[in-house]
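Here the structure is laid out as structure tokens; the discussion comes afterwards.
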Amino acid sequence: MSNKAKTYISELKHCVGREVTLEGWLYNSRASGKLQFLIIRDGTGLCQCVVEKGNVPDELFEQLKHLSQESSLTVTGTVRADQRSIGGYELVVTNAEIISPAEGYPITPKSHGVDFLMRHRHLHLRSQRQWCIGKTRHTVIDAIRRFFNDNGFTLIDTPIFTTIVGEDQQSLFEVDYFGSPMHLTQTGQLYLESAAMSFGKVYCFGPTFRAEKSKTRRHLTEFWMVEPEVAFIDLNGLLELAENFVSFVAEQVLQNNKSQLETLGANIEALEKIKPPFYRLTYTEAVEILTGPKTSDFLEGQLKELQSQKQKIESRIAVLEDEQKGQIKQWKRDKNAAELIELRGELSEVDIKIENNPKHAKLAAEFQWGKDLGGSDETIISQMHDKPVFVTHYPKEAKAFYMKTDRNNEKVVLNFDLLAPAGFGEIIGGSVREDDYDRLVERIKAQGLNVETYNWYLDLRKYGSVPHGGFGLGVERTVAWLTGEKHIRQCIPFPRMMDKIYI
Ligand code: 4AD
């Protein structure tokens, strides 16, 4: 085969009418008499390759007919534009070469449970869903770097082994560092503050570790976080930076990953609205909303909606179960079986939501000023908004020691969380930092931390202290929000969770 004609599926649009060779894997196939339709994937996309008996040697035609999913092969043929085909182009095959057959590939096009797929993550990464998420994650990371690089920020690599507590003592991973205790980083922020006093505008971007005993859809023990830090900035400046940044990331994803978002069923229309300004609420206003009639009415309406959703799913299940009892073609039986698995999954999710609704309503109604907002509270606030919402000025006691107290109201700090809309919840946490030496010492002591270990950090308040601040955005939560993926474990190639590390 001529090397010249070798191309990628993403390049087929430039090759119409020409003979090319694709190298890839068999994603799916079906045969219908003298025709075979092979769906090939090559890492850049999917392409339907049409094999007609007589156009290729008979022996090859037979081989291809029995070729199993995920076998690797090269396919040569003429490129034809066809609107109905995946990707809009197909290959009329003239030759093919099997590189390595895949016998008994464990993941079939039928549905599998999460546990099974996670145990086969090394193979499941080849699925369309994972491919679409991975491509979107790539754009998110590229956009993050681009935004900060293009806006005068300097990248500072902060350490992964750390000597001080960056957020809270409960979620530290301790490691034995040649006989001395050390932690894996919870945040690069404290080191970044030191760099901001040299470079002005800085960011770090890397893996972050939290031993949080939390099994929710929003928690990983290892996740990626980008953290900008800026000298001479106030809370409003930080909010503006965050909304411009998040809008840029969303815009880049829309620009580069529309077809992936469509495949994933993401809400593209909602993403198109992600433009500054975002909504702004103080924590106190958020508490008023949670404990007021707006929330109880909202949750009641939601319960009704969930119940009608449940009814619809149940009647569809009944129809399919009936069909399965009768005489139907095998392909239809398989299709129904796959849909039933999906529907039962959806039903159990709706059931959980119905069960949680009154619990969340009670938690919201009884919310006491002073507590940190819980996951369900964040969900409620974010469900009520169609654009991201900043919640600012949290109670001092609920937040980390480094946050600056509001000099106009000493009970609260100059911080913010950014909640993604439509129920997704927090994607950013940030604050103005306490820049007064004595107040910072007091806060460190009040949280039971060892002041000695913070001597170098306190130096920053001794030698030319300035107002400064920053924030951290979690990559997996952002990818999950943008792609509409429910659980962030799907948004990192090899997830690490509190209860499970699969491979
Ligand atoms: O709100 P957090 O804890 O903020 C900080 O770490 C600050 N030091 C950042 C800063 O000001 N430089 O975490 C920031 C973000 C969260 O909003 C969330 O997106 C993500 O990090 N995050 C997690 N993502 C996945 N799993 C977890 N366990 C996470 N914990 C935080």
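Atoms within a ligand are numbered from 1 in the order they appear, just like the ligands themselves. Just so we're clear, the structure is a prediction, and the values are computed from it rather than from any experiment. Side chains are part of it too, since the values below use all heavy atoms of this structure and drop only hydrogens, waters and symmetry mates.
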Subject >> Pairing residues for Ala196 by the side chain to side chain contact (heavy atoms under 4.5 Å, CB included) criterion, not counting sequence neighbours >> reply: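 Result, side chain to side chain contact (heavy atoms under 4.5 Å, CB included) vs Ala196: Val202, Glu229.
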
Original post:
Are Tyr402 and Glu167 linked by a side-chain donor-acceptor pair shorter than 3.5 Å?
Top reply: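 There is such a pair between these side chains.
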
Subject >> Side chains of Tyr394 and Asp417, donor plus acceptor under 3.5 Å >> reply: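 Side-chain D/A pair, Tyr394 to Asp417: present.
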
Original post:
Of all residues at least two apart in sequence or in a different chain, which pass the salt bridge (Lys or Arg N to Asp or Glu O under 4.0 Å) check with Glu366?
Top reply: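 Residues passing salt bridge (Lys or Arg N to Asp or Glu O under 4.0 Å) with Glu366: Lys362.
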
**OP:** Cation-pi check, Lys371 to Phe367: give yes when NZ or CZ is under 6.0 Å from the six-membered ring centre and within 45° of the ring axis, no otherwise.
**Re:**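 That pair qualifies as a cation-pi contact.
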
Original post:
Mind checking what residues have non-hydrogen atoms under 4.0 angstrom from ligand 1?
Top reply: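 Ligand 1 pocket, heavy atoms under 4.0 Å: Glu167, Thr187, Gln189, Arg210, Glu212, Arg218, His219, Leu220, Phe223, Met225, Glu227, Tyr402, Glu426, Ile427, Ile428, Gly429, Gly430, Arg433, Gly470, Phe471, Gly472, Gly474, Arg477, Ile488.
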
Subject >> Pairwise ring pair (Phe, Tyr, Trp, His ring centres under 6.0 Å) hits with a residue in residues 158-182, at least two apart >> reply: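 The answer is Phe161-Tyr177.
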
